[in-house]
Amino acid sequence: MKKQYDSFTFTASRNGTYKFCFSNEFSTFTHKTVYFDFQVGEDPPLFPSENRVSALTQMESACVSIHEALKSVIDYQTHFRLREAQGRSRAEDLNTRVAYWSVGEAIILLVVSIGQVLSGNGDRQKNES
């Protein structure tokens, strides 16, 4: 609740269909973006022979540690993609606002300059008569 970024982990106890419910009651004026990262099931074992009598060799142990490190890298990449998408969304929103502001300022400048020219012509005609 009331967090800019959060992570939630849920492990399903049984197979079936699950539903997600969200509430925007805290702030109904701003939109929210929600990202999901699903990890379904367990990773298959690197070395499928489950009934190993011998310990892992040094090469197999290195493979397991590299595999775990790569899974961690994937999680970090997902997190950074999420942050990049949020930053891009904010930047595009700000760019749109700046463009509208610039157009508004240009219109106001045009109206004021036309008004000054027209009022200057009226003053000149009064002075001539």
Side-chain angles (χ1 to χ4, degrees):
M1 292 215 28
K2 300 181 184 179
K3 292 185 181 178
Q4 183 177 14
Y5 174 80
D6 199 7
S7 178
F8 178 75
T9 302
F10 173 76
T11 304
S13 58
R14 53 189 162 159
N15 293 339
T17 303
Y18 289 85
K19 294 180 181 180
F20 297 94
C21 297
F22 297 98
S23 172
N24 195 18
E25 65 187 29
F26 176 70
S27 176
T28 56
F29 296 109
T30 60
H31 72 280
K32 305 293 186 280
T33 304
V34 179
Y35 295 91
F36 293 100
D37 179 23
F38 293 102
Q39 297 176 354
V40 179
E42 293 292 322
D43 286 339
L46 288 178
F47 305 104
S49 56
E50 293 180 19
N51 297 329
R52 287 185 154 260
V53 179
S54 62
L56 294 176
T57 64
Q58 187 174 3
M59 181 69 77
E60 291 171 335
S61 296
C63 288
V64 169
S65 68
I66 289 171
H67 181 71
E68 294 298 321
L70 288 175
K71 287 194 321 189
S72 175
V73 167
I74 289 170
D75 289 341
Y76 282 122
Q77 283 179 335
T78 301
H79 172 73
F80 287 123
R81 282 188 193 118
L82 166 68
R83 302 298 280 179
E84 188 272 334
Q86 289 173 336
R88 177 175 293 278
S89 175
R90 286 189 187 123
E92 288 175 357
D93 181 48
L94 183 61
N95 186 34
T96 302
R97 289 181 184 190
V98 167
Y100 285 139
W101 182 261
S102 299
V103 168
E105 282 185 334
I107 291 171
I108 290 171
L109 182 65
L110 186 65
V111 167
V112 168
S113 59
I114 290 172
Q116 286 180 346
V117 168
L118 293 178
S119 70
N121 285 341
D123 290 342
R124 192 175 332 149
Q125 288 174 359
K126 286 180 187 176
N127 291 337
E128 289 176 359
S129 37

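Keep in mind it's a predicted model, so treat the numbers as computed, not measured.
Residue S102 holds its OG atom at 12.0 Å from CG of L109, rounded to the nearest 0.5 Å. Taking CG of L70 as the reference point, atom OG of S65 lies at 9.5 Å (rounded to 0.5 Å). The line from OG of S72 to CD of Q77 is 10.0 Å long, rounded to the nearest 0.5 Å. Rounding to the nearest 0.5 Å places CZ of R90 at 13.0 Å from CD of E92. The CD atom of E84 sits 10.5 Å away from the OG atom of S89 when rounded to the nearest 0.5 Å.
Atom CZ of F10 has more than 12 neighbouring heavy atoms from other residues, nucleotides or ligands inside a 6.0 Å radius. Under a cut-off of 6.0 angstrom, the local environment of CD in E105 is crowded, with over 12 non-hydrogen atoms contributed by other residues, nucleotides or ligands.
Under a 4.0 Å N-O distance rule, the pair D75/K71 does not qualify as a salt bridge.
A side-chain contact (heavy atoms from CB on, under 4.5 Å) with L110 is found for exactly one of I114, I108, I107, namely I114.
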Which side-chain N or O atoms in residues 11-22 pair as donor and acceptor under 3.5 Å with protein atoms at least two apart or in another chain?
{"from": "Y18", "atom 1": "OH", "to": "R14", "atom 2": "O", "distance (Å)": "2.7"}

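Other cluster members for W101: none, since no ILVMFWY side-chain heavy atom sits under 4.5 Å from it.
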